[in-house]
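Notes for the one structure printed next.
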Amino acid sequence: MTRSVRTRFAPSPTGQLHLGGLRTALFTWLWARHNQGTFILRIEDTDSKRFDPASVESITSALKWLELDWDEGPEVGGGHGPYVQSERGAIYRSHAEYLIGAGHAYRCFCSPARLVDLRRRQQNAGQPSGYDGHCRRLAKRQAQAMADRGQEHTIRLVVPDSGTIQVDDLIRGRISVDAATLHDPVLLKSDGMAVYHLAVVVDDHLMGITDVLRGQEWLPTAPYHRLLYQAFEWDVPIFVHLPVILNPNGEGKMSKRRPPLVDGVAMPVHVDEFRDAGYLPEAMFNFLALLGWTADASEEVFPRDELVRRFDVSSISAAPATMPYDKLAWMNGLYLRKMEREAVLAMLQPYLTKAFGRTPSQLSAMSGLTIVVGELVDRIRTLSEAPDWLEWLFADPAELDYPDPDMLLARKQDRATSVALLKSAADTVATMPVFNAVSLETAIRDAAGRADTKPGLYFGCMRAALSGTKASLPLFPIAEALGQDNVVTRLRHAAQVLEACHATGA
RNA sequence: GGCGCAUUCGUCUAAUGGUUCAGGAUACCGCCCUCUCAAGGCGGUGAUACGGGUUCGAAUCCCGUAUGCGCUACCA
């Protein structure tokens with residue numbers, strides 16, 4: 001009989017969800033699904049000062065983007081709600097009171113000013129900073145009386161003065177911390193709302209969470225949570241602290257404040273940015289699952305159900321990983337090439353609309369797009385790279401810009417020869433009864449044969465003439481996409497440009 | 001500063017004391033294909049941070065050093 005696993009993703013809505021958060025969500029979801037367990041979404045908004053209402057939407061839309069469906073939580077409900085911590089204040093307060101009664105917590109009346117001063121003095125003295133336990137010495141009755149009089153206070157956890165506190169982490173083993181290095185943390189703020197430490201333990205227990213997956217930044221405070229479970233006499237869940245994702249620029253974990261730069265270009269950090277940059281959810285899912293975990297020693301591409309089947313938290317790496325943007329791009333290209341052409345076309349639409357100002361219906365009427373999309377996907381790694389390869393398709397046939405007319409030169413040929421090749425190509429095309437990629441190639445090869453010229457000489461300068469770039473999609477699909485008339489126009493235009501350039505001796 | 005965690009090719013990683021002159025992927029380089037650029041195929045360069053132990057045997061276990069990361073709030 002298998003254990004019934006319940007996991008949760010518990011982000012705090014303080015801004016856009018970033019890649020590390022999405023990876024945590026993915027691992028948490030994967031573990032629940034692997035065990036046929038339950039995946040819960042909980043919003044940890046106990047800090048009203050940092051609350052950003054837009055970020056709840058950012059979180060849920062990111063999860064939906066990767067199709068990480070939650071069984072309980074906002075939008076779907078469930079039997080362990082509410083799933084928003086700001087709606088659970090009364091629960092935290094009663095649990096904090098229970099802790100006071102049991103002698104595991106106490107009221108602290110120290111002013112913020114005293115705390116700041118204390119910290120300053122400790123730092124100046126080179127001492128570790130932390131609460132000095134001042135209010136621990138207050139008699140319980142006296143503290144109660146002060147509270148009854150309405151004096152502002154917090155509730156702090158009693159941390160033993162000595163001894164070792166041990167926490168078991170599934171991927172790191174047992175972690176031991178000397179209690180003397182710990183200080184009494186605030187559990188309940190003076191505004192009556194819980195601090196993370198209390199809220200997370202109470203909620204995880206009440207929601208029946210069996211496996212806690214969270215970021216490595218929680219490892220140092222895990223002993224507090226262990227103490228809390230002990231104080232409540234609750235079973236301790238399995239802890240899995242996930243390694244952080246590092247910024248490739250070597251400045252710690254990924255953040256928007258210090259954007260990761262690759263070749264001087266700022267890379268995406270927030271989930272929305274990855275989506276906007278044209279990464280596919282399928283690729284993102286596969287990639288993220290393999291960042292810090294391995295499904296197989298020699299394979300990297302897996303469908304999502306296979307990842308679910310293989311996923312195992314105990315084989316997650318404990319070491320932080322630098323975000324390999326190049327590998328993500330490679331994998332995205334791979335998924336792009338596996339997609340149906342129609343689907344790619346549909347996903348391309350917003351990027352083309354933005355770049356070329358065509359409406360979606362105008363775009364879908366462009367048969368040329370359908371003709372070249374297969375060649376296009378071989379050359380892009382993200383959807384946002386597509387417009388750069390398609391300028392020629394949207395340019396006026398008679399007005400394509402040739403920033404460097406030399407590109408129109410046939411390989412190792414002079415200008416006069418190249419101009420002649422372009423003109424001859426135009427004449428050939430103009431007289432073709434049936435025009436498409438295949439017939440064009442035949443026609444040009446025939447023309448080359450008659451002129452005793454290598455066909456490649458035609459191909460090179462024609463491609464430059466039609467596309468306006470040195471590196472472009474292949475000639476024949478481009479030509480078919482453009483249509484016979486446009487091809488003739490553009491070839492003649494190119495010949496003119498090259499000739500004019502020659503005439504001026506430039 | 002204190003506490004904790006980590007450390008295998010540039011990067012993501014495999015190896016769970018012996019099937020390893022350390023495997024895969026990406027990136028890079030070369031070749032093939034080829035109208036350019038790609039894609040695809042084939043091949044190549046490239047790593048166990050350092051120093052001590054333990055052991056017949058260490059990338060793997062222990063200790064120290066170094067480095068990196070995280071935490072050190074009435075943030076999460």
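Order of the sequence lines fixes the chain letters, A, B, ..., with proteins taken first and strands second; residue numbering starts at 1 for each chain.
- Residue A:P320 is in sugar-phosphate contact alone, with no base atom involved, counting any heavy-atom pair closer than 4.0 Å across all strands shown.
- Remark: B:G51 base-pairs with B:C63; criterion is Watson-Crick or G-U wobble with both hydrogen-bond distances under 3.5 Å.
- Of all nucleotides present, only B:G30 satisfies the Watson-Crick or G-U wobble test against B:C42, with each distance under 3.5 Å.
- Atom CG in A:L288 sits roughly 12 Å away from atom C1' in B:C12 (whole-Å rounding).
- Between the CE atom of A:M323 and the C1' atom of B:G68 there is a distance of 20 Å, given to the nearest Å.
- Summarising the base pairing, B:C74 is matched to no nucleotide, lacking a Watson-Crick or G-U wobble pair whose two defining distances lie under 3.5 Å.
- Rounded to whole Å, atom C1' of B:A39 lies 17 Å from atom CE of A:M331.
- A:L187 comes within 4.0 angstrom of nothing in the nucleic acid, heavy atoms only.
- One C1' atom belongs to B:U7, the other to B:U13, and the distance between them is 14 Å to the nearest Å.
- No hydrogens or angles were tested; on distance alone, nothing pairs the side chain of A:Q127 with the base of B:G2 as donor and acceptor under 3.5 Å.
- Between A:S129 and the phosphate of B:A73, there is a side-chain N or O to OP1/OP2 separation shorter than 4.0 Å.
- Note on A:G215: nothing from the nucleic acid sits closer than 4.0 angstrom, heavy atoms only.
- Note on A:G250: only backbone sugar-phosphate atoms sit closer than 4.0 angstrom, heavy atoms only; bases stay farther off.
- Nearest nucleotide to the side chain of A:L115, out of B:G10, B:A76, B:C74: B:C74.
- A:D47 comes within 4.0 angstrom of sugar-phosphate atoms only, judged by non-hydrogen atoms across all strands, and of no base.
- Note on A:K327 versus A:E300: salt bridge recorded, some NZ/NE/NH1/NH2 to OD/OE distance being below 4.0 Å.
- Within the 4.0 angstrom heavy-atom criterion, no nucleotide atom of any strand lies near A:W293.
- Phosphate proximity of B:C37 to A:T469: absent, as no side-chain N or O sits under 4.0 Å from OP1 or OP2.
- A:S190 comes within 4.0 angstrom of a nucleotide base, judged by non-hydrogen atoms across all strands.
- For the pair A:R93 and A:E97, the salt-bridge criterion is not met [side-chain N within less than 4.0 Å of a carboxylate O].
- Of the candidate nucleotides B:C37, B:C71, B:C5, B:C5 has the atom lying nearest to any side-chain atom of A:I175.
- Taking 3.5 Å as the limit, the base of B:C5 and the side chain of A:R172 contain no donor-acceptor pair of atoms between them.
- Within the nucleic acid shown, A:S467 has no heavy atom closer than 4.0 Å to any nucleic acid atom.
- Within the 4.0 angstrom heavy-atom criterion, only backbone atoms of the sugar-phosphate kind lie near A:L334; the bases stay farther away.
- Mapped onto RNA chain B by nearest heavy atom, A:R174 and A:T154 fall at different nucleotides, with A:R174 at the one closer to the 5' end.
- In a base pair of the Watson-Crick type (N1 to N3 plus N6-O4 or O6-N4) or a G-U wobble (N1-O2 and O6-N3), with each distance short of 3.5 Å, B:G68 is matched with B:C5.
- In this structure, A:L328 atom CG and B:U13 atom P are separated by 13 Å, rounded to whole Å.
- For B:A76, the OP1/OP2 oxygens have a side-chain nitrogen or oxygen of A:K189 closer than 4.0 Å.
- The only option from A:R156, A:R136, A:R107 that meets the salt bridge (charged side-chain N to carboxylate O under 4.0 Å, His left out) definition with A:D184 turns out to be A:R136.
- A salt bridge between A:D132 and A:R114 is present, with a side-chain N of the basic residue lying under 4.0 Å from a carboxylate O of the acidic one.
- In this structure, A:L290 reaches the sugar-phosphate backbone alone: every heavy-atom distance under 4.0 Å involves primed, P, OP1 or OP2 atoms, never a base.
- If you check the side chains of A:Y92 and A:D203, you find a donor sitting under 3.5 Å from an acceptor.
- In this structure, CD1 of A:I316 is placed 19 Å from P of B:U16, rounded to the nearest angstrom.
- Contact annotation: A:S472 does not reach the phosphate of B:C37 (side-chain N/O to OP1 or OP2, under 4.0 Å).
- Although no hydrogens or angles enter the test, the distance criterion places no donor-acceptor pair under 3.5 Å between the side chain of A:D45 and the main chain of A:P13.
- Within the nucleic acid shown, A:F476 comes within 4.0 Å of at least one base atom, counting heavy atoms only.
- Look at OH on A:Y131: it is 21 Å from C1' on B:C3, rounded to the nearest Å.
- No engagement by A:C108 is indicated, since no non-hydrogen atom pair under 4.0 Å with the nucleic acid exists.
- Using a 4.0 Å cut-off between a side-chain N of Lys or Arg and a carboxylate O of Asp or Glu, A:R121 and A:D117 qualify as a salt bridge.
- Atom P of nucleotide B:U13 and atom CG of A:L246 are separated by 10 Å, given to the nearest angstrom.
- Comparing A:A319 and A:T294 against RNA chain B, the residue whose closest nucleotide sits nearer the 5' end is A:A319.
- Protein atom CZ of A:R119 is 19 Å distant from nucleotide atom P of B:G1, rounded to whole Å.
- For B:C12, its base sits under 3.5 Å from the side chain of A:K327 at one donor and acceptor pair at least.
- Between A:L288 and A:L328 there is no side-chain heavy-atom pair separated by less than 4.5 Å.
- The residue A:R381 sits close only to the backbone: its heavy atoms come under 4.0 Å of sugar-phosphate atoms, none of a base.
- Side-chain atoms of A:E306 do not come within 3.5 Å of backbone N or O of A:F302 as any donor-acceptor pair.
- Nucleotide B:G18 forms a pair with B:C56, judged by Watson-Crick or G-U wobble geometry with both contacts under 3.5 Å.
- For the OP1/OP2 pair of B:U36 and a distance below 4.0 Å, the side-chain nitrogens and oxygens of A:R411 include no atom meeting the criterion.
- Residue-level contact check: A:E300 touches the bases, meaning some heavy atom is under 4.0 Å from a base atom.
- For A:P128, the listed nucleotide lying nearest its side chain is B:G1; candidates were B:G70, B:G1, B:U26.
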